[in-house]
Amino acid sequence: MKPIIVLQTDFSETWGAVSEMKGVIKIVDRELEVEDSCHEIKCFDPWEASLALDAIEPYWPKGTVFVSVVDPGVGTSRRACVALLKDGSYVVTPDNGTLTHVKHNVGIAAVREIDETVNRYHARENVSVFHGRDLFGYCAAKLASGIIDFEGVGPQYPVEETVECEEYSMKPVIRDHYAEGFLMTGVKHFGGVEFNITNQEWGTTGFQLGDRVEITIANKGKTFFHQAVPYEKSFGFVAKGDPVLYCGSSMYLSLDLNSASFMDAYGIDTGKDWTAILKKAE
């Protein structure tokens, strides 16, 4: 059985880019199974791509070929690569930080730079801005179909040279009934946010379900949210429209409104400039 190809991009599905990627994959091998993860990754943001990839990777069969294309440096000297993970799956991606979380959580056994002289699709137009189709999708298809093996991707380079997002080194401050961090990511569809605080780290603060936590969220000195919020198991423990703090399914502490969008309600975005302080409410 051939490996599944799983796609994630920041392309959206409001135009034909994802379809073109799938079409080129099928040109290589009609039998390949191609599945979608998400095409609404935050635009130009390898950090979001890294988080999203790490969240889904454990729930696919080992040997899956993941293609992640969030590529603000497309056409520049940044490396295009294929990483062989220690669990046997592959990631085909620009080496721009997208590998950060799987590098630390799954492990990278080896990484190779894609040799464009043999692993590039030659489209009817000569462009350097659609590597998702012409390089990453095409190389992934050749790898999944067995036309090339991992060595056939291109030259190997040290795993230590893979680019890591700076946000990964920004660790939270954790004390008794106190935490500081930043808004690591959000789910745009529902409007909730995740802090760069793992559920396990939160568990060491001493907060218990039912406690009220004073949360302050700011961006470059301007406060956008300051309120005492109940820490509960899930949304239904608060009234509709009210905020709730909970341990999220992605293994990070999360904040949302019950049946409404927290991000929309308070004009909040995510990223390292969105800081958060959580402490025991008076």
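Everything quoted here is computed from the prediction, not taken from an experiment. Below, all heavy atoms of this structure are taken into account, side chains as well, without hydrogens, waters or symmetry copies.
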I'd like to know if the side chain of Ser12 reaches the main chain of Thr14, judged simply by a donor and an acceptor atom lying under 3.5 Å from each other, with no hydrogens or angles considered. yes

Can you tell if the side chain of Glu161 reaches within under 4.5 Å of the side chain of Arg79, non-hydrogen atoms only? yes

Rounded distance (nearest 0.5 Å) linking atom OG1 of Thr205 with atom CD1 of Ile174: 7.0 Å

Does any N or O in the side chain of His101 come within less than 3.5 Å of the main-chain N or O of Leu53, such that one atom is a donor and the other an acceptor? no

Side chains of Asp273 and Asn219, donor plus acceptor under 3.5 Å: no

Of all heavy-atom pairs between Gly236 and Asn258, which one has the smallest distance, and what is that distance? CA-ND2, 4.3 Å

Is there a side chain to side chain contact (heavy atoms under 4.5 Å, CB included) between Phe237 and Val244? Walk through the geometry before answering. CA-CA 8 Å; Phe237 286 82; Val244 60; 5.6 Å; no

Residues Arg78 and Asp71 bridged, charged N to O under 4.0 Å: yes

Would you compute the distance between atom CD of Gln227 and atom OG1 of Thr216 and round it to the nearest 0.5 angstrom? 10.5 Å

If only atom types and distance count, is the side chain of Asn119 paired as donor or acceptor with the main-chain N or O of Cys139 below 3.5 Å? no

Under 4.0 Å between a Lys/Arg side-chain N and an Asp/Glu carboxylate O for Lys280 and Glu214? no

May I ask you to decide if His122's main-chain N or O and Asp134's side chain share a donor-acceptor pair within less than 3.5 Å? no

Could you tell me which non-hydrogen atom of Ala144 sits nearest to which non-hydrogen atom of Val65, and how far apart they are? CB-CG2, 4.2 Å

For Lys22, is there an ion pair with Asp36 - N to carboxylate O distance below 4.0 angstrom? yes

Sidechain-backbone polar pair: Asp211 side chain, Gln208 backbone, donor-acceptor under 3.5 Å: yes

Distance flag, aromatic centroids of Trp15 and His39, threshold under 6.0 Å: no

State, to 0.1 Å, how close Ile41 and Val70 come at their nearest heavy-atom pair, and which atoms those are. CG2-CG2, 3.7 Å

Side chain of Trp47, backbone of Met184: donor and acceptor closer than 3.5 Å? yes

Charged N to carboxylate O below 4.0 Å: is that the case for Lys2 and Asp29? yes

Passing candidate, side-chain hydrogen bond (donor to acceptor under 3.5 Å, both in side chains) with Thr185, options Glu194, Glu48, Lys42: Glu48

Can any side-chain N or O of Thr9 pair as donor or acceptor with the backbone N or O of Phe11 at less than 3.5 Å? yes

Kindly check if the number of other-residue, nucleotide or ligand heavy atoms within 6.0 Å of CD (Gln156) is above 12? yes

Check this for me: Lys26, atom NZ, are more than 12 non-hydrogen atoms of other residues, nucleotides or ligands nearer than 6.0 Å? yes

Does the Lys NZ or Arg CZ of Lys222 fall within the cation-pi geometry relative to Phe224 - under 6.0 Å from the ring centre and within 45° of the axis? yes

Quick one: do Glu166 and Lys272 make a salt bridge, cutoff under 4.0 Å? yes

Provide the closest heavy-atom pair for Gly97 versus Ser50 in the form atom of the first, atom of the second, distance. O-CB, 3.6 Å

Any idea how Phe235 and Tyr246 line up, ring-wise: parallel (<30°), tilted (30 to 60°), or perpendicular (>60°)? perpendicular

Kindly indicate, with the supporting measurements, whether the criterion ring-ring contact (aromatic ring centres under 6.0 Å, His included) is fulfilled by Phe195 and Trp202. CA-CA 10 Å; Phe195 303 95; Trp202 180 250; 8.1 Å; no

Does one side chain, of Glu40 or His189, offer a donor that lies under 3.5 Å from an acceptor on the other? no

Whether the side chain of Arg212 engages the backbone of Ala228 through a donor-acceptor N/O pair (distance < 3.5 Å, no angle test) should be reported. yes

At what distance, to the nearest 0.5 angstrom, does CD1 of Ile148 lie from CG of Asp115? 9.5 Å

Is there a side-chain contact between Thr198 and Met251, using heavy atoms and a 4.5 Å cut-off? no

Short side-chain to backbone donor-acceptor contact, Asp10 and Phe44, under 3.5 Å: yes

Please round to the nearest 0.5 Å and tell me the distance separating atom NE2 of His226 and atom CD1 of Ile277. 10.0 Å

Taking CE in Met170 as the centre, count heavy atoms belonging to other residues, nucleotides or ligands within less than 6.0 Å. Is the count above 12? yes

For Leu85, does its backbone N or O pair with a side-chain atom of Ser89 as donor and acceptor, under 3.5 Å? no

Give the C-alpha distance, both sets of side-chain angles, the deciding distance and a yes or no for ring-ring contact (aromatic ring centres under 6.0 Å, His included) between Tyr266 and Phe225. CA-CA 7 Å; Tyr266 294 96; Phe225 181 83; 4.8 Å; yes

Quick one, Asp256 and Pro243 - any side-chain contact, counting heavy atoms below 4.5 Å? no

Can you tell me how far NZ of Lys86 sits from CG of Asn105, rounded to the nearest 0.5 angstrom? 12.0 Å

The residue among Thr93, Val92, Ile56, Ile5 that forms side chain to side chain contact (heavy atoms under 4.5 Å, CB included) with Phe66 is Ile56

Should we say atom NZ of Lys188 is surrounded by more than 12 heavy atoms from elsewhere, each under 6.0 Å from it? yes

Closest approach of Tyr157 to Cys81 (non-hydrogen atoms, all atoms of both residues): OH-CB, 3.4 Å

Are there more than 12 heavy atoms of other residues, nucleotides or ligands under 6.0 Å from atom CD of Glu35? yes

Validate the cation-pi geometry between Arg112 and Phe150: distance from NZ or CZ to the six-membered ring centre under 6.0 Å, angle to the ring axis within 45°. yes

Between Leu253 and Leu245, the two heavy atoms sitting closest are CG-CD1, 3.8 Å

Would a 4.5 Å heavy-atom cut-off, applied to side chains only, mark Glu57 and Val106 as touching? yes

Give a yes-or-no answer on whether the side chains of Lys103 and Thr162 include a donor-acceptor pair shorter than 3.5 Å. yes

Any side-chain donor near an acceptor of the partner, Asn196 and Tyr168, under 3.5 Å: no

Within-4.5 Å side-chain heavy-atom neighbours: Leu7 and Val34: yes

Starting at CH2 of Trp274, measure out to CD1 of Ile217 and round the result to the nearest 0.5 Å. 8.5 Å

Using side-chain heavy atoms (C-beta onward) and a distance below 4.5 Å, is Cys247 in contact with Tyr231? yes

